[in-house]
Amino acid sequence: MRELIQDTFYELIKSYDRCIIDYCLMEDDYPHQGKRSHWNAVLFAMLKVIERDIDYQMEAEIESSAEHGSAVEENASSWTLNMEKAECHPIDAAAFLHVPEIQRVDNFGNKFYDGEAQKCEDGQISYWHAFLDPPHGTGPVMENGKKIRKYYAPVDFEIVNRTLFPQGSDGLEVYEWTTDWSDYFDAGHEWWGAACWSVYDKALNRYAVIMVSATD
């Protein structure tokens, strides 16, 4: 597998700088083999997320050492994984990409959506909840240097997924994964939530892995 680092999706998601979801978009030279290919995609994505975490720590260490005149220390990511524990089951693609409606916003900025549950039946958070309602809020949406929305709205969720899955949900094969196979998910298990999905786009022959874990 290889990551599609030049895909326009990565540029789009940078504009949502308060988004706490980890996305990985990739393609494979081998024919799609159902669940096995999804397993490979999830493993590849987690290794990429760990790599990004190490890079982030290194950048922070370099910045700190420059400020304080100390030596740079290499730190490995604290996240480990055991894919032998990972289990998954297929879910409906249209339900996965469900876009909720905001019914009202209270004086504290809390948003109340329509009747769609924020957590799936197995206790994992839903994808839209992960994008729209992270534990520390989302902040404004900017366009050409101007604030066009106070917070991420359902339309932003639609924009992101239209870019990620341009052919729509009909050709998507989606698996939801357990979150007990890596301590990446430990923060989310504390309170707010954790989730992992793998999506195979049959029309484009590519994979997207979507992972999230956060707490207060």
Side-chain angles (χ1 to χ4, degrees), residues 1-16 19-52 81 83-101 116-132 152 154-182 184-185 193-213:
M1 291 223 172
R2 57 182 172 273
E3 188 174 12
L4 300 172
I5 57 176
Q6 300 300 324
D7 195 272
T8 56
F9 170 77
Y10 284 121
E11 284 303 311
L12 171 70
I13 204 63
K14 285 180 183 177
S15 64
Y16 293 97
C19 177
I20 63 172
I21 297 173
D22 284 306
Y23 291 93
C24 188
L25 189 60
M26 68 211 83
E27 64 182 2
D28 197 352
D29 290 329
Y30 295 96
H32 181 64
Q33 300 177 46
K35 186 185 293 187
R36 179 65 191 185
S37 294
H38 282 264
W39 191 95
N40 290 337
V42 170
L43 172 59
F44 180 93
M46 179 57 80
L47 292 175
K48 282 295 178 182
V49 168
I50 291 173
E51 181 182 307
R52 293 172 191 170
L81 67 157
M83 285 296 291
E84 291 183 1
K85 296 177 63 177
E87 297 181 359
C88 66
H89 63 273
I91 61 174
D92 180 73
F96 172 66
L97 296 177
H98 168 77
V99 181
E101 293 183 5
E116 178 73 11
Q118 293 185 348
K119 289 200 174 185
C120 304
E121 291 182 1
D122 57 7
Q124 293 195 127
I125 57 175
S126 59
Y127 176 33
W128 70 260
H129 180 59
F131 183 87
L132 294 173
Y152 298 177
V155 64
D156 297 299
F157 187 57
E158 288 185 283
I159 290 170
V160 166
N161 289 318
R162 197 181 308 128
T163 305
L164 189 58
F165 308 116
Q167 306 300 319
S169 64
D170 288 346
L172 301 183
E173 181 181 86
V174 186
Y175 279 84
E176 182 177 76
W177 293 78
T178 56
T179 56
D180 59 349
W181 50 272
S182 173
Y184 164 90
F185 300 107
C196 177
W197 301 276
S198 59
V199 185
Y200 175 59
D201 190 324
K202 300 175 185 177
L204 299 178
N205 190 30
R206 69 183 189 184
Y207 301 83
V209 172
I210 300 169
M211 299 186 294
V212 62
S213 176

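- Considering only heavy atoms from C-beta on, Leu164 stays 4.5 Å or farther from Val199 through its side chain.
- Contact annotation: the side chain of Trp39 approaches that of Trp177 to within less than 4.5 Å [non-hydrogen atoms, C-beta and beyond].
- Within a 6.0 Å radius of CD in Glu158, other residues, nucleotides and ligands contribute more than 12 heavy atoms.
- Between Leu81 and Leu47 the shortest side-chain heavy-atom distance falls below 4.5 Å.
- In summary, the side chains of Asn161 and Tyr127 do present a donor paired with an acceptor at a separation below 3.5 Å, with no hydrogens or angles considered.
- Tyr175 and Trp197 have their aromatic ring centers separated by at least 6.0 angstrom.
- Atom NZ of Lys85 sits about 12.5 Å away from atom CE of Met83, to the nearest 0.5 Å.
- Two residues are said to be in side-chain contact when any heavy atoms from C-beta on lie closer than 4.5 Å; Asp22 and Val209 fail this criterion.
- Taking the ring pair (Phe, Tyr, Trp, His ring centres under 6.0 Å) definition, one finds that Tyr184 meets it with Trp79, sequence neighbours left out.
- Here the straight-line distance linking atom CD of Gln33 with atom CG of Asn40 works out to 7.5 Å at 0.5 Å rounding.
- Applying the side chain to side chain contact (heavy atoms under 4.5 Å, CB included) test between Cys24 and each of Met1, Arg52, Met46, Met211 identifies Arg52 as the sole match.
- In this structure, the ring of His38 has its center less than 6.0 angstrom from the ring center of His32.
- To the nearest 0.5 Å, atom CD of residue Gln167 and atom CZ of residue Arg162 are 13.0 Å apart.
- A salt bridge links Asp29 to Arg2: at least one charged side-chain nitrogen sits closer than 4.0 Å to a carboxylate oxygen.
- Checked for salt-bridge contact, Lys202 and Asp170 miss the test: no charged N lies under 4.0 Å from a carboxylate O.
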Donor-acceptor pairs under 3.5 Å, side chain of residues 8-15 to any protein atom, not counting sequence neighbours: which ones?
{"residue": "Tyr10", "atom": "OH", "partner": "Glu3", "partner atom": "OE2", "Å": "2.6"}
{"residue": "Tyr10", "atom": "OH", "partner": "Leu25", "partner atom": "N", "Å": "2.8"}
{"residue": "Glu11", "atom": "OE2", "partner": "Lys14", "partner atom": "NZ", "Å": "3.2"}
{"residue": "Ser15", "atom": "OG", "partner": "Leu12", "partner atom": "O", "Å": "2.5"}

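- Legend: residues meeting ring pair (Phe, Tyr, Trp, His ring centres under 6.0 Å) with Tyr152, ordered by chain and number and at least two apart, are Tyr16, Phe131.
- Residues Trp128 and Val99 fail the side-chain proximity criterion, which asks for heavy atoms closer than 4.5 Å.
- Proximity of a side-chain donor or acceptor of Ser213 to a complementary backbone N or O of Phe185 within less than 3.5 Å is detected.
- Within the 4.5 Å cutoff, the side chain of Val42 has heavy atoms near those of the Trp181 side chain.
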Open item on the list: If you apply the rule side-chain contact (heavy atoms from CB on, under 4.5 Å), what do you find for Ile20 with Val212, and how did you get there?
Closed with: CA-CA 7 Å; Ile20 63 172; Val212 62; 4.0 Å; yes
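- Minimum heavy-atom separation, Thr163 to Pro166: O-CD, 3.6 Å.
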Assess whether salt bridge (Lys or Arg N to Asp or Glu O under 4.0 Å) is satisfied between Arg206 and Asp7, documenting all intermediate values. CA-CA 12 Å; Arg206 69 183 189 184; Asp7 195 272; 2.9 Å; yes
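- The two residues Ala130 and Ile125 come nearest to each other via the heavy atoms CB-CD1, 3.8 Å.
- Counting heavy atoms from C-beta on, the side chains of Ser126 and Phe96 never come closer than 4.5 Å.
- Under the 4.5 Å side-chain criterion, counting only non-hydrogen atoms from C-beta, Ile210 is not in contact with Cys196.
- Using bins of under 30°, 30° to 60° and over 60° for the plane-to-plane angle, the ring pair Tyr200/Tyr207 lands in the tilted bin.
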